[in-house]
Each structure stands twice: as structure tokens, then as C-alpha cells.
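Here is the structure we will look at.
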Amino acid sequence: MKKVILVNAVFFSKDDSWHIGQFILRDILKKEYDVEVINFDYLCKTGIINYSNDMKENIRLMGDYLLEKKPEAVGFYTICNAYVTSLKLAEYIKLNCPECFVFLGGPQASVTYHESLEVFPFIDAICVGESELMIKEFINAAIEQDCDFENVNGVAYKKNEGIFYRPNERMLSAEELHFYMIKDFSPFMLNKGDRFNIEGGRGCPYSCSFCTTNSFWGNKYRLKKIDDIIDEIMFMNQKYGISDFAIQHDMFTANRKKIAEFCRKVVDLNKNIDWVCSSRIDVLTYELIDIMDNAKCSAIYIGLETGSPRMQKKIHKRLDLSDAIEKLLYIKANTAIKTTVSFVYCFPDENIRDFKYTIDIIEKLYLEGITGVQLHRFMPLPGTEEMQKVKERLYYDKDVSELTLTNLNNSVVEEYIKKYPYIFSQYYTFDSEVKDRYQYFDIMVGMMEGLSEFYYHSFEFLMKMWGIEQLYFRMKRILKEVRNRELKMGINDNYNNGAEKRILFWSKLLNSFFDNIKLDSNEMYIFDEIKKYEKYKSVFFVEKRKISEVLKFKINLHKWFENEQIVYEDYYIKYKWDNGTVHTIQMKLKEALD
């Protein structure tokens, strides 16, 4: 059988995330071809390959690994922050094996198919959008019919110096998704404690102006049959013992009736099943929140995007923000569901007044104990309405690119980015008063979220003293240091920079900042005790101290944290390491002495 390889996007990350669609395509093709799914992040994690800081060496290493398998065709799944790597790898394959058919799929190649085919001669074709209905015909045409795609839907290709594209006639229905349940996950080894991704459906019924979801899925929203999702949960639970599931869908909760049905059936399973999903806040009624909580939904990712009512209209999100905040506070107070609330800033039409609304909401959420807050720099994504607003104003400056777009200090990466601005517009920026004034605000919010387990009360104390905006300006110097460190990290450095190293670096900067804070004597007395308590917690975590220790404090911290009551007394806390978590336990004097 002829060899076909499907390559996952390369993130140079230990998360080794895999894309469900590649397993589906493999299962469709495997009766006629020898199909293998390859994930280089997983291969690095398991020690089969080792990344270096040299991008060219990594491309050679990965390319030779693929070529050793002697494939007839190699396909790459593409997503925005990994597109450069996929292209460089595709180029290496074609250079060293010209007869190998090289094709792309996934969101980034789909929304830039014309431009990508125009400038990258090593790409033979691009599968645009979802590919289940065309993949067999496509691969057969590529391998057996000398790349005759004239009658194949959903493929863009070059012919006689021209670029041709025949759109898909239709997409899969919600009912047809039933036929694409994955049971073979090789090369991945599934472990009982892993969180497992289940496809909940496709598309989004909304039209946010900054998002590429509708460009890829054709504005067709589909929710997988609830019984199919339940069957997949049961299969994975019974075969692998997995009990933690992530429902992969941009808008799993859009149909309240269906999600309530899903929750009831999860409860009826009478299994210890946890699950997470994404949602808009406005589709979550209080009743539905309670139903999801009862069905052991453990986390919801919610995009608020902006705190400005004006910007809500501009980006077509149109959320009622007062209702959104009330629901988030309800979830915090009445359920076991953790929320991650995501914001974006530096939109093309956003001004400082708009962003101050966002700042106010971030501060309110944090002070209410909702620490899972993210702030992302706006990225002008190809094919979006927001991109069209700024396409003539874009310029490249790696110092202000979104932090998730890693490895910008690599000349191999920058070469492509600078040469093809539209294809890699996500790396570009434009002049903005919000960016100029709040360049590192996303870094501060990231630190607040990432260190909330250790330094929540220190941030809380200072935020109540100064407000989050003034806290930002006082922290600006150390935030710039964080940004510069991230930019200087090489691929291997980034891969091996685990949570402990990041927490250690952040903690050192924070402690230096805290130590130089000047407050009045009473406030300083309280802050010093809070700082001492939280600093030791982070040290205990980073150093993985297995022997419990007791520290003495001058005030009752529990009463301060509970209601800001100052009680001057000897107060003892025991620090205990347990399976990657540092627990702090209040102790009486006699217990401490024992």
C-alpha cells in the first residue's frame, strides 16, 4: 500500500495537542493507503526526537524523519501560529523528494489558499475547509491520476500557471458526524488521568468580526447528536478509564435544549465524569448553569472580548455586559465550575476610553476571586473584517506581537513573515493609542492568572490600594523584562521552560517589586505578612519541598483574607507538598510546637 503521512501542526510545546480531524481522515483513507499520523511535539515529549534552538536543524530533523518513511504524499495541518513551521517543513520535503505530493489543510491554509499557492511553489494543493467528503477522491487524484483535481470539490491547486478552486458542494450534516467517531489514537498513548478531546460539533452561529471560524466552517453551525457524544464518552471511559473530557466546539452551548439533554444523560450515566466546554455568556441562563454544574461541568471558557459597549457592537459580539458579569459572579458563588474569561485589546477601532471599560471589568472579576482572566493582543487574521480595516496600516514589529506567537527571534521564521505580510498578518501590528499606553498590560494579566495560586492576596491588596491601572504603571518595568525574556527564548528553551521555571522567574521579579513598595506603616505591616505568606508558598512549590514546614506570622491571616479584620496575634501556618500542590494549613500554637 502506498504511504500517506498526515503531520500535525508543530508548536514546539510539551502539550503535544493533536487535531481530531487528522485521525478522521486517516480512518477514511486507511483501507486503501498506509496512513500514519505524526505529531512531532509528541515525538519530542517521548524522547524519539529532540528539538534544538536552531530552526534549520529542527526542520532537517523532522523532514528526514518523514522522508525515511518514503511517503507518496505528505499533508500538513495548519494553524496560524504554527503555519511558518509547516511551510518550512513542506519546502524541505519537496526539495529533497520532488516526486512526493505535498498538500496542506486546516484553517490558516484555507483562509490564505490563493496567496499561499501563488508564492510557495512547493505546495501542490490545499484542501479548503472540512475534507471528509473529498479526501479519498483527492488523494486518489493526487497519487493515481497525476494530480487531476478538475472534478474534485474543496481543493485549490495550481495548473498552467493559474490557481483553481472548486468549492465544496456541501458540508457534513450533524447526523453524518456520527460516522466519524475515532477509536484508534496511535501514536498517542492514552492515560487514565488525561483530559480527552471529543468533537462536539462544528461551526458557530455568530459572526464576530475578528474571528476566522466562519471563514473555515462556512457559517454552518452543527451540533453532534447528543447520543453520539455520550456513546463516545462511554467508550473512552470503559476502554481507557478516562473520566475527564473536553468538548471541542466553538459554541457547544448555543442550543440550550440540546445541552440540557446532554447534561441529563451525563447524570444518568452515574459515572464520575467531568467535562469542560466553551460558551458565550449570553446563552447561559441561570437554570442552564445549574444544570451544567449538576452534570459535573468543571470549567467553561468564555470570551467576553471587550468591556466597552461601543466595541461590543463594533466587533459584532453584542453582549449585555452587566448581565455577563452577574452570571460570572453567580457561577463563582453557586457552582463548582471554574471559568476562564478571555478579553482582547488593541482592536482597530478601540480607544483608551473603550479599554478602560475592559480594565474595570478585569479588576472587578479579580477582586471577586475570578482569577481565570486572560487578555490577548488583537491579531489581524487573514480573511476577517477587522483585518480589512488595518491592512494598509500594518507593519512588522516583533516587540509588540502577540505573546503566543513564539520563536520570533528566529531568522528562518522572520524571513517568511516579512516577505509575505498578508499570509502572516497575525504577526503584524499597527499604530494604536491603546497599544502605546498599555503595551504590556496583557503580560500583567497573564502573571496575575499564572501566579494566582501563590500571589493572589498580594495582587488583591495592591489592587484595592491603587486600582489595577495604577498597578500596571508601577509594574511596567518588570513587565518589560518578562516580555524581553520571552522574545529571547529559543525553541528548545521555550520547550523546556516548564511552569516551575516561569513561576520562579516571575516570582523573583515580583518579590523585587514588592520589596520596593512604600506604604504607610500600618499598611506596610499587613502587606509584609501577606507577602511573606505567599512568597514562601511559591518557594515551596518551585523547590518541591517534601518535608512540611511551619511559619509564624504576626497577624491572623485567615481573618484578614476573610473580611480584612486585623487581629494581632501569633499565627502559625503549615506548608505541605502534596502531588504537585502546596497546601497551607492553619495551626494552633501547641500543634506548631509539636
Side-chain angles (χ1 to χ4, degrees), residues 325 328-330 332-334 338 359-373 444-445 447-476 478 503 506-542 545 548-578 581-594:
I325 293 169
L328 288 167
L329 295 179
Y330 179 86
K332 167 70 176 173
N334 298 282
K338 293 182 178 180
I359 290 173
D360 290 344
I361 293 180
I362 291 173
E363 179 176 324
K364 180 177 180 60
L365 294 177
Y366 196 84
L367 292 179
E368 292 288 349
I370 299 175
T371 59
V373 177
M444 184 180 74
V445 173
M447 289 179 71
M448 287 165 51
E449 180 193 26
L451 294 175
S452 61
E453 183 182 347
F454 307 104
Y455 290 100
Y456 171 76
H457 294 291
S458 297
F459 279 119
E460 177 193 38
F461 185 90
L462 297 176
M463 210 177 290
K464 287 181 177 179
M465 289 281 299
W466 301 327
I468 191 172
E469 185 176 14
Q470 283 305 309
L471 177 60
Y472 164 73
F473 288 119
R474 291 171 186 255
M475 288 182 63
K476 195 170 180 181
I478 70 166
I503 288 170
W506 285 356
S507 296
K508 285 181 177 179
L509 289 177
L510 267 185
N511 289 326
S512 174
F513 170 71
F514 290 156
D515 289 342
N516 286 288
I517 287 174
K518 304 298 182 186
L519 304 170
D520 69 39
S521 58
N522 192 47
E523 291 166 343
M524 200 74 230
Y525 192 87
I526 297 167
F527 184 63
D528 280 343
E529 294 299 286
I530 294 172
K531 179 176 62 174
K532 173 184 170 183
Y533 162 72
E534 298 200 312
K535 178 180 179 180
Y536 203 74
K537 192 175 181 182
S538 72
V539 169
F540 217 82
F541 173 80
V542 169
R545 297 188 180 181
S548 299
E549 298 180 36
V550 177
L551 260 63
K552 178 182 174 181
F553 297 86
K554 299 173 186 177
I555 64 171
N556 188 315
L557 288 169
H558 174 74
K559 291 184 178 179
W560 173 263
F561 295 152
E562 192 173 57
N563 54 25
E564 297 187 7
Q565 180 184 358
I566 305 174
V567 177
Y568 297 98
E569 64 180 17
D570 290 343
Y571 181 79
Y572 299 89
I573 291 181
K574 181 179 181 178
Y575 293 79
K576 181 181 179 182
W577 172 275
D578 182 23
T581 302
V582 179
H583 299 279
T584 54
I585 306 162
Q586 179 183 350
M587 302 188 73
K588 296 179 181 178
L589 174 60
K590 185 177 183 304
E591 294 173 322
L593 293 174
D594 290 342

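Just so you know, residue 1 is the first one in the sequence shown, and it goes up from there.
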State, with a plain yes or no, whether a side-chain heavy atom of Leu510 is found less than 4.5 Å away from one of Met475. yes
Working for side chain to side chain contact (heavy atoms under 4.5 Å, CB included), residues Met465 and Leu471: CA-CA 9 Å; Met465 289 281 299; Leu471 177 60; over 6 Å; no
Determine, stepwise, if the pair Ile566 / Tyr525 fulfils side chain to side chain contact (heavy atoms under 4.5 Å, CB included). CA-CA 11 Å; Ile566 305 174; Tyr525 192 87; over 6 Å; no
Please check if the side chain of Lys332 supplies one atom and the backbone of Gly369 the other of a donor-acceptor pair under 3.5 Å. yes
Can you name the side-chain contact (heavy atoms from CB on, under 4.5 Å) partners of Ile325, sequence neighbours left out? Leu329, Ile361, Lys364
Ring pair (Phe, Tyr, Trp, His ring centres under 6.0 Å) involving Tyr533 - partner list, sequence neighbours excluded: Phe561
Distance check, rounded to the nearest 0.5 Å: Lys338 atom NZ versus Ile370 atom CD1? 13.5 Å
Which distance, rounded to the nearest 0.5 Å, do you find between the CD of Glu460 and the OG of Ser452? 12.0 Å
Contacts of Phe527 that satisfy ring pair (Phe, Tyr, Trp, His ring centres under 6.0 Å) - sequence neighbours left out: Phe461, Phe514
Can you tell me how far apart CD1 (Ile517) and CD (Glu523) are? Round to the nearest 0.5 Å. 11.5 Å
Could you give the distance from CZ (Phe454) to NZ (Lys535), rounded to the nearest 0.5 Å? 15.0 Å
Looking at Leu519 and Met524, what are the two nearest heavy atoms and their distance? N-SD, 3.7 Å
Mind jotting down which residue pairs meet the side chain to side chain donor-acceptor pair (under 3.5 Å) criterion with at least one end in residues 510-522? Sequence neighbours excluded, please. Tyr455-Asn511, Asp515-Lys531, Asn522-Tyr568
Glu469: what forms a side-chain hydrogen bond (donor to acceptor under 3.5 Å, both in side chains) with it, not counting sequence neighbours? Tyr438
Hey, are the side chains of Val373 and Glu449 touching, using non-hydrogen atoms and a 4.5 Å cut-off? no
Quick one: salt bridge (Lys or Arg N to Asp or Glu O under 4.0 Å) pairs with a partner in residues 557-566, sequence neighbours left out? Lys464-Glu564
For Lys574 and Ser548, work out which heavy atoms get closest and say how close. CE-CB, 3.5 Å
Quick one: side-chain hydrogen bond (donor to acceptor under 3.5 Å, both in side chains) partners of Ser507, sequence neighbours excluded? none
What heavy-atom pair brings Phe553 and Tyr575 nearest, and what distance separates the two atoms? CZ-OH, 3.5 Å
Calculate, to the nearest 0.5 Å, the distance between atoms CG and OG belonging to Leu451 and Ser538 respectively. 8.0 Å
Pairing residues for Tyr571 by the ring pair (Phe, Tyr, Trp, His ring centres under 6.0 Å) criterion, not counting sequence neighbours: none
Can you find a heavy atom in the side chain of Met448 that is under 4.5 Å from one in the side chain of Ile468? yes
Quick one: does Thr581's side chain get under 4.5 Å of Glu453's, heavy atoms only? yes
Might you point out which heavy atoms bring Ile478 and Leu509 nearest each other, and give the distance in Å? O-CD1, 3.8 Å
Taking side-chain hydrogen bond (donor to acceptor under 3.5 Å, both in side chains) as the test, write out the residues that go with Tyr330, two or more places apart. Asp290
Would you check if Lys537 and Phe540 make a side-chain contact, meaning some heavy-atom pair closer than 4.5 Å? no
pair Thr371-Tyr366: side-chain heavy atoms closer than 4.5 Å: yes
Backbone N/O of Lys552 and side chain of Lys532: donor-acceptor pair under 3.5 Å: yes
Side-chain donor or acceptor of Tyr456 paired with backbone N/O of Glu534 under 3.5 Å: no
Taken to the nearest 0.5 Å, the spacing of Tyr572 OH from Gln586 CD works out to 12.5 Å
Quick one: side-chain hydrogen bond (donor to acceptor under 3.5 Å, both in side chains) partners of Glu549, sequence neighbours excluded? Tyr536, Arg545
Among all residues two or more places apart in sequence or in another chain, which pass the side-chain contact (heavy atoms from CB on, under 4.5 Å) test with Arg474? Trp466, Phe513
Between Ile555 and the options Val567, Ile526, Asp570, the side chain to side chain contact (heavy atoms under 4.5 Å, CB included) test singles out Ile526
Backbone N/O of Lys554 and side chain of Glu529: donor-acceptor pair under 3.5 Å: yes
